[in-house]
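Accompanying notes for the structure given below.
Everything numeric in this text was worked out from a predicted model, so none of it was measured.
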Amino acid sequence: MTPALRTERLEFLPYRPEHEDVFVALLRDEEVCRWMGQERVPEEEIRTLFRAILTDVYPKRLFDVWGLWHEGAYVGHAEVKKTGNVDGHELVTALSPGYWGKGLGTEVVRGLLRHAADDLGLREVYGMVGADNAASLAMCRRLGFRPVRDVVGDDGTVTRMLVIPTTGTV
């Protein structure tokens, strides 16, 4: 079962049915989609994805996934899951634009690193960041991520694969 986690300012809570609308709003946001390197998809597809978290991901313990909360407000999404790009686990985060630039991204990643080390026993994890996402790449450098390689999508977009040890860096 995905555990609830806490950092100084954030609560990482497993999603509940009543979180569907905030999840959908986050993944329908044009800026969020742009920096996550994905196209905006129809709302019903996002609702289907959200319901799959509740009906498949959690019951089958496929991976850990949370809604992120700050002072009672939904501020984003986080995951730790196996990646298809390499033999390992990937950190996935997305924050609502109103919470960018406040240090919450760094706090999310540090919380995920602690969970990956302490609860999952992972020695390293990966991140995938769009090559043009200067703010996220700078945060990753500050945290100690190292570049592994660039991955070029079918549409020509470039995503940087990064890796970080789970201990000794946060």
### Minimum heavy-atom distance Gly130-Leu137, with the two atoms named
O-CD1, 3.7 Å
### Spatial distance of atom CZ (Arg160) from atom OG (Ser136) [nearest 0.5 Å]
12.5 Å
### Query
Would you call Thr83 and Val125 a side-chain contact if the rule is heavy atoms closer than 4.5 Å?
no
### Message
Any heavy-atom pair between the side chains of Asp119 and Asp64 that's under 4.5 Å?
### Response
no
### Message
Using 0.5 Å steps for rounding, measure from the CD atom of Glu11 to the NE2 atom of His70.
### Response
11.0 Å
### Other residues, nucleotides, ligands: >12 heavy atoms within 6.0 Å of Arg123 CZ
no
### Query
Do the non-hydrogen side-chain atoms of Phe12 and Val108 ever get within less than 4.5 Å of each other?
yes
### Message
What I want to find out is whether Glu107 reaches Arg9 closely enough, with some N-O distance under 4.0 Å, to be called a salt bridge.
### Response
yes
### Task
Carefully, step by step, assess Tyr126 and Ile164 under the rule side chain to side chain contact (heavy atoms under 4.5 Å, CB included).
CA-CA 6 Å; Tyr126 294 85; Ile164 187 171; over 6 Å; no
### Message
Test of understanding: clusters of I, L, V, M, F, W, Y form through side-chain heavy atoms closer than 4.5 Å, transitively. Do Leu143 and Met128 belong to the same one?
### Response
no
### Query
Is it true that Asp56 and Lys60 have a side-chain N and a carboxylate O under 4.0 angstrom from each other?
yes
### Message
If you compare all heavy atoms of Ala4 against all heavy atoms of Leu13, which two are closest, and at what distance to 0.1 Å?
### Response
CB-CD2, 4.0 Å
### Task
Walk me through it: do His115 and Val80 pass the test side chain to side chain contact (heavy atoms under 4.5 Å, CB included)?
CA-CA 9 Å; His115 172 67; Val80 178; 4.3 Å; yes
### Task
Write down the atom of Val32, the atom of Ala94, and the distance for their closest heavy-atom approach.
CG1-CB, 4.2 Å
### Query
Donor-acceptor pair, Tyr99 side chain versus Gly105 backbone, under 3.5 Å?
no
### Message
Any salt bridge linking Arg47 with Asp21? Criterion: basic side-chain nitrogen under 4.0 Å from a carboxylate oxygen.
### Response
yes
### Task
Measure the shortest side-chain to side-chain distance between Asp29 and Pro97 over non-hydrogen atoms and say whether it is less than 4.5 angstrom.
yes
#### Entry: Between CG on residue Leu112 and CG on residue Leu5, distance to nearest 0.5 Å
7.5 Å
### side chain to side chain contact (heavy atoms under 4.5 Å, CB included) assessment of Met161 paired with Val86
CA-CA 10 Å; Met161 178 187 290; Val86 292; 3.5 Å; yes
### Query
Is there a path from Leu122 to Phe63 through hydrophobic residues (I, L, V, M, F, W, Y) whose side chains come within less than 4.5 Å of each other?
yes
### Query
If we only count heavy atoms from C-beta on, is the Val65 to His77 side-chain gap below 4.5 Å?
yes
### Query
Looking at side-chain heavy atoms only, is the closest gap between Asp150 and Thr159 below 4.5 Å?
no
### Query
Of all heavy-atom pairs between Leu95 and Trp100, which one has the smallest distance, and what is that distance?
O-NE1, 2.8 Å
### Task
For Val129 and Cys140, work out which heavy atoms get closest and say how close.
CG2-SG, 4.1 Å
### Query
What heavy-atom pair brings Ser96 and Leu26 nearest, and what distance separates the two atoms?
OG-CD1, 3.5 Å
### Query
Counting heavy atoms not belonging to Glu30, are there more than 12 under 6.0 Å from its CD?
no
### More than 12 heavy atoms of other groups within 6.0 Å of Asp155 CG
yes
### Query
Under 6.0 Å between ring centres, would you say that holds for His19 and Trp66?
no
### Heavy-atom side-chain contact between Ile46 and Arg28 under 4.5 Å
yes
### Message
With clusters defined by side-chain heavy atoms of hydrophobic residues (ILVMFWY) lying less than 4.5 Å apart, directly or transitively, does Val158 cluster with Phe145?
### Response
no
#### Entry: Spacing of Leu113 atom CG and Leu120 atom CG [to the nearest 0.5 Å]
11.0 Å
### Message
Set out, in order, the CA-CA distance, both residues' side-chain angles and the distance that settles side chain to side chain contact (heavy atoms under 4.5 Å, CB included) for Trp69 and Val75, then state yes or no.
### Response
CA-CA 5 Å; Trp69 301 84; Val75 299; 5.9 Å; no
### Query
Do the non-hydrogen side-chain atoms of Glu20 and Leu54 ever get within less than 4.5 Å of each other?
no
### Message
With clusters defined by side-chain heavy atoms of hydrophobic residues (ILVMFWY) lying less than 4.5 Å apart, directly or transitively, does Leu62 cluster with Ile53?
### Response
yes
### Query
Applying the side chain to side chain contact (heavy atoms under 4.5 Å, CB included) test to Glu45, which of Leu49, Val41, Thr48 qualifies?
Val41
### Query
Is Glu44 salt-bridged to Arg51, cutoff N-O under 4.0 Å?
yes
### Query
What is the distance from atom CD of Glu79 to atom CD of Glu90, rounded to the nearest 0.5 Å?
8.0 Å
### Task
Just say parallel, tilted or perpendicular for the rings of Tyr15 and Phe23, cut-offs at 30° and 60°.
perpendicular
